[in-house]
Amino acid sequence: PLLRDGRLVALIGLDDVRKTHRWTAAEMARLARLGELVLAAAERNERLAPASPDARPSPSGCYLRAGSCHVQVAWEDIVSLAAEDDYARVRLRGGREFLDPRPLAVWQTLLPAARFGRVHRSWIVAWPEVRRLHRRAGGRWTLELNTHARPIPVGRSHQAAVRLAVNLRGA
């Protein structure tokens with residue numbers, strides 16, 4: 001793993017397909033140093049070269065691929081993100097959707113944490129879009145969003161964060 005400011009920015013994997021190999025401490029140290037060098041080179045390149053539109057989010061939004069072009073989207077326009085295999089379906093106000101090649105784990109690092117939260121292993125929602133929280137028998141929770149017809153499930157491990165985000169202290 002390559003970390004910048006405590007956040008995951010990349011993964012480097014090496015495979016040995018001929019036989020199983022146990023990495024020694026010395027090899028692991030060299031691999032860690034290699035990762036640091038790769039990250040330093042990438043950061044240097046990032047400072048020198050202008051960023052491509054889909055690589056870096058702006059403070060006010062991001063770019064999403066639409067066919068052969070990229071569309072700028074403000075954070076306020078994103079309603080929810082749903083996992084679809086290794087992709088994310090980004091839903092906007094007005095019903096427009098984009099299938100983005102970045103998985104939800106990457107989106108979690110890009111999105112402003114004050115506005116968005118993970119509510120399920122397959123869902124990220126914009127907190128201002130939450131209209132209603134339904135708590136069903138058996139501990140099942142769902143969220144109803146302002147502009148989304150289907151209820152969104154809330155995973156048990158995410159219930160405390162949802163409770164805080166929608167201000168249900170002690171509920």
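In this chain, numbering begins with 1 at the start of the sequence shown.
In this structure, L164 CG and W127 CH2 are separated by 9.0 Å, a value rounded to the nearest 0.5 Å. Atoms CG and CD, on L64 and E97 in that order, are 12.0 Å from each other to the nearest 0.5 Å. Distance check, rounded to the nearest 0.5 Å: OG of S157 to NE2 of H120 gives 8.5 Å. Atom NE2 of H70 and atom CZ of F98 lie 10.5 Å apart (nearest 0.5 Å). Here W75 contributes atom CH2 and R115 contributes atom CZ; the two are 10.5 Å apart, rounded to the nearest 0.5 Å. With rounding to the nearest 0.5 angstrom, the SG atom of C62 is 4.5 Å from the CD1 atom of I78.
With a 4.5 Å cut-off on side-chain heavy atoms, W141 and L133 count as touching. A heavy-atom distance below 4.5 Å is found between the side chains of L145 and S80. With a 4.5 Å cut-off on side-chain heavy atoms, L81 and R91 do not count as touching. For the pair W107/F116, no side-chain contact is recorded, criterion being any heavy-atom separation below 4.5 Å from C-beta on. Put simply, the side chain of V154 does not reach to within 4.5 Å of the side chain of T142, judged on heavy atoms. Taking the side chain as every heavy atom from C-beta outward, H134 and P151 never approach each other to under 4.5 Å.
Y87 is not connected to W123 by any chain of hydrophobic side-chain contacts under 4.5 Å among Ile, Leu, Val, Met, Phe, Trp and Tyr, and they are in different clusters. Residues L99 and V125 fall into different hydrophobic clusters, defined by Ile, Leu, Val, Met, Phe, Trp and Tyr side chains chained together at heavy-atom separations under 4.5 Å.
Side chain of Q159 to main chain of G139: a donor-acceptor pair is present (N/O by atom type, distance under 3.5 Å, no hydrogens or angles).
Other residues sharing a hydrophobic cluster with L37 under the 4.5 Å side-chain heavy-atom criterion for ILVMFWY residues do not exist; the residue is a singleton.
Applying the salt bridge (charged side-chain N to carboxylate O under 4.0 Å, His left out) test to E76 and every residue at least two apart in sequence or in another chain returns nothing. For R118, there are no salt bridge (charged side-chain N to carboxylate O under 4.0 Å, His left out) partners two or more places apart in sequence or in a different chain. With sequence neighbours excluded, the residues forming a side chain to side chain contact (heavy atoms under 4.5 Å, CB included) with T24 are A26, E27, listed by chain and number. Residues satisfying the side chain to side chain donor-acceptor pair (under 3.5 Å) test with R22, not counting sequence neighbours, are none.
Annotation for A66 and V71: closest pair CB-CG2, 3.8 Å, computed over non-hydrogen atoms. Nearest approach of V79 to L92, heavy atoms of both residues: CG2-C, 3.7 Å.
The salt bridge (Lys or Arg N to Asp or Glu O under 4.0 Å) analysis of residues 139-156, with sequence neighbours excluded, yields the pairs R131-E144, R132-E144.
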